[in-house]
There are 2 protein chains.
Amino acid sequence: MARMTQDGRRLRGLRSRETILGQAVSLASVEGLDGLSLGRLAAAIGISKSGFFAHWRDKEELQLDAVDWAARQWREHIVAPALRAPAGVRRLFALHEARLRFYAEHVLPGGCFFRAVQAEFDDRPGEVRDRIVRALRDWEAFIRGLVEEAIALGELAPGVDPAQLAFEIEALGEMAVTHSRLLDERLAFAHARRAVLQRLRGLCPDPSLLPED
Amino acid sequence: MARMTQDGRRLRGLRSRETILGQAVSLASVEGLDGLSLGRLAAAIGISKSGFFAHWRDKEELQLDAVDWAARQWREHIVAPALRAPAGVRRLFALHEARLRFYAEHVLPGGCFFRAVQAEFDDRPGEVRDRIVRALRDWEAFIRGLVEEAIALGELAPGVDPAQLAFEIEALGEMAVTHSRLLDERLAFAHARRAVLQRLRGLCPDPSLLPED
DNA sequence: TATATGAACGTCCGGTCGTTCATATAGTTC
DNA sequence: GAACTATATGAACGACCGGACGTTCATATA
């Protein structure tokens with residue numbers, strides 16, 4: 001086994017990378033990707049600032065990986081659970097509920113990584129912004145796909161505009177974070193849940209597929 | 001005329017204050033209230049950095065006044081035009097359209113001051129956060145009031161929950177900014193407008209009060 | 001055993017940040 | 001005119017930032 005080495009150094013490095021990225025995403029959900037300084041990130045983990053440069057060329061490379069890491073976390077916590085629900089309108093609602101659960105359980109101290117960095121980078125051209133945009137585009141395309149699937153299954157009225165409905169679901173999900181952090185947390189989730197639920201029931205020929213409230 | 005002085009110094013000072021605050025709100029809509037540095041703010045106006053301290057004790061005092069200034073701008077550009085529409089469901093929709101127009105006309109280079117600073121300060125306790133929260137609370141109370149008025153006028157079904165509907169309208173309005181800055185601007189406004197319009201028409205006993213689309 | 005490599009460290013640099021201070025300039029009041 | 005005050009300036013400050021550098025240590029390869 002010549003090339004495929006069992007290198008304890010690389011393993012250690014991979015573990016460090018994961019630790020750092022997880023902490024970076026957590027902190028960035030609070031202070032943003034740029035507001036987060038390497039010094040404070042290092043202090044939060046308990047390593048030295050210069051240790052970063054063994055893993056990333058500069059801060060931007062770390063930011064790029066942090067976006068990818070957050071997208072992966074999103075898929076694991078929100079997309080994956082939804083895919084366990086039956087396809088159609090129930091899966092669509094399961095997706096929304098998984099998102100609200102993710103927020104309610106405070107997986108990230110700042111609530112939502114993407115909300116923080118979208119507001120931060122929407123005016124700042126560059127690779128980081130591009131990657132954030134791509135993540136958002138993929139996410140909304142995924143919602144749109146679920147809507148189309150529900151229409152194909154006859155669980156949503158055929159006249160429904162998938163992009164329009166995806167926009168609405170995304171809006172209500174995101175407002176849940178804002179409201180929960182600045183005003184009333186319980187109310188925020190209740191409003192966000194009820195809005196999507198009633199919207200879907202109104203478009204669904206068989207509302208009994210969904211809970212009443 | 002002993003006390004009531006015609007002081008050209010104070011007048012000049014007031015004008016400077018307004019200029020500075022307007023520019024501060026513009027820049028903060030892009031980079032946030034903290035991301036905005038005094039040096040760059042001074043450079044954008046063409047004054048010296050230390051000139052600020054003739055008007056404000058420290059940066060936080062300026063931030064507090066900037067929040068108030070932005071709230072005033074919001075009232076003038078969005079609340080005031082809506083109040084010229086007839087009370088009821090038409091006024092509610094006029095409010096939403098005024099908001100979308102405010103975004104579409106790029107009054108602020110960053111799109112929305114409050115969106116930027118909410119994401120920035122939701123995790124940072126202090127007076128600035130408190131003032132941002134108060135502005136948001138007042139704004140949603142205003143929407144809620146318009147909903148209640150529409151119900152009282154019989155233009156919305158009596159079963160409507162004002163807080164719930166206000167939440168939905170606010171969510172769709174805010175998502176218009178995010179979408180317009182990161183994805184497709186035209187689509188963003190179209191989706192946000194149509195979502196609220198169809199929602200109101202669905203709740204309104206006389207949908208002819210509102211445009212068809 | 002000798003050599004190479006990846007991870008992590010401590011130190012230092014140039015630059016920017018908010019803030020302070022002494023000073024200059026107008027405009028107002030006596 | 002002198003005394004006073006609001007507005008603005010430029011120079012300097014300590015703190016912190018991202019990043020560069022040489023070094024140390026543990027591990028892997030030959």
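Reminder, nothing fancy here: chain letters follow the sequence lines and each chain counts from 1. As the structure is a prediction and not an experimental result, all values here were calculated from the model.
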> Measure from CD1 on B:Ile45 to C1' on D:dA8 and round the result to the nearest Å.
13 Å
> Side chain of A:Lys49 only, heavy atoms from C-beta on: which candidate in D:dG18, C:dC17, D:dT9 is closest?
D:dG18
> A:His179 and A:Phe189: side chain to side chain contact (heavy atoms under 4.5 Å, CB included), yes or no, with the steps?
CA-CA 8 Å; A:His179 246 253; A:Phe189 296 133; over 6 Å; no
> Nearest whole angstrom, please: distance from the C1' of D:dC21 to the CZ of A:Arg57.
18 Å
> Indicate yes or no: at least one non-hydrogen side-chain atom of B:Asp65 is less than 4.5 angstrom from one of B:Trp69.
no
> Please state whether the rings of A:Phe142 and A:Trp139 are parallel, tilted or perpendicular, taking 30° and 60° as the class boundaries.
parallel
> Relative to A:Phe121, does A:Arg124 satisfy both conditions: NZ or CZ under 6.0 angstrom from the six-membered ring centre, and within 45 degrees of the ring's axis?
yes
> Round to the nearest Å and state the distance from A:Asp58 atom CG to D:dA20 atom P.
8 Å
> Within this structure, what is the CZ-to-P distance between A:Phe53 and C:dC12, rounded to whole angstrom?
17 Å
> Can you tell me which nucleotide in C:dT19, D:dA8, D:dG18 comes closest to the side chain of A:Leu38?
D:dG18
> Using whole Å, report how far CD of B:Glu60 lies from C1' of C:dT19.
14 Å
> Provide the Watson-Crick or G-U wobble partner of D:dG19, both distances under 3.5 Å; none if there is no partner.
C:dC12
> With a cut-off of less than 4.0 Å, is there a side-chain N or O of A:His55 near OP1 or OP2 of C:dA8?
yes
> How would you label the contact of A:Leu41 with the nucleic acid (heavy atoms, under 4.0 Å): base, sugar-phosphate, or nothing?
nothing
> Hunt down the Watson-Crick or G-U wobble partner of D:dA30, both distances under 3.5 Å, from any strand shown, or write none.
C:dT1
> For A:Ile20, answer base if it contacts any base atom (sugar-phosphate contacts may also be present), sugar-phosphate if it contacts only those atoms, and nothing otherwise; contact means non-hydrogen atoms under 4.0 Å.
nothing
> Does B:Ser16 place a side-chain N or O at less than 4.0 Å from the phosphate oxygens OP1/OP2 of D:dA8?
yes
> Could you tell me whether A:Arg40 contacts a base, only the sugar-phosphate backbone, or nothing, with contacts defined as non-hydrogen atoms closer than 4.0 Å?
sugar-phosphate
> Does B:Ser48 make a side-chain N or O approach to OP1 or OP2 of D:dA8 shorter than 4.0 Å?
no
> Please state how far atom CG in A:Leu36 lies from atom P in D:dG18, giving the value in whole angstrom units.
8 Å
> In this structure, how many angstroms lie between the C1' atom of C:dA7 and the CZ atom of A:Arg17, rounded?
13 Å
> Return the pairing partner of C:dA24 with a 3.5 Å limit on both distances, Watson-Crick or G-U wobble; otherwise return none.
D:dT7
> If you assign A:Ala54 and A:Ser50 each to the DNA chain C nucleotide with the nearest heavy atom, which residue ends up on the more 5' nucleotide?
A:Ala54
> In this structure, how many angstroms lie between the P atom of D:dT7 and the CG atom of B:Leu14, rounded?
8 Å
> How are the rings of A:Phe167 and B:His191 set to each other: parallel, tilted or perpendicular (split at 30° and 60°)?
tilted
> B:Trp56 and B:Gln63: side-chain donor and acceptor closer than 3.5 Å?
no
> Does D:dC16 have OP1 or OP2 sitting under 4.0 Å from an N or O in the side chain of A:Ser37?
no
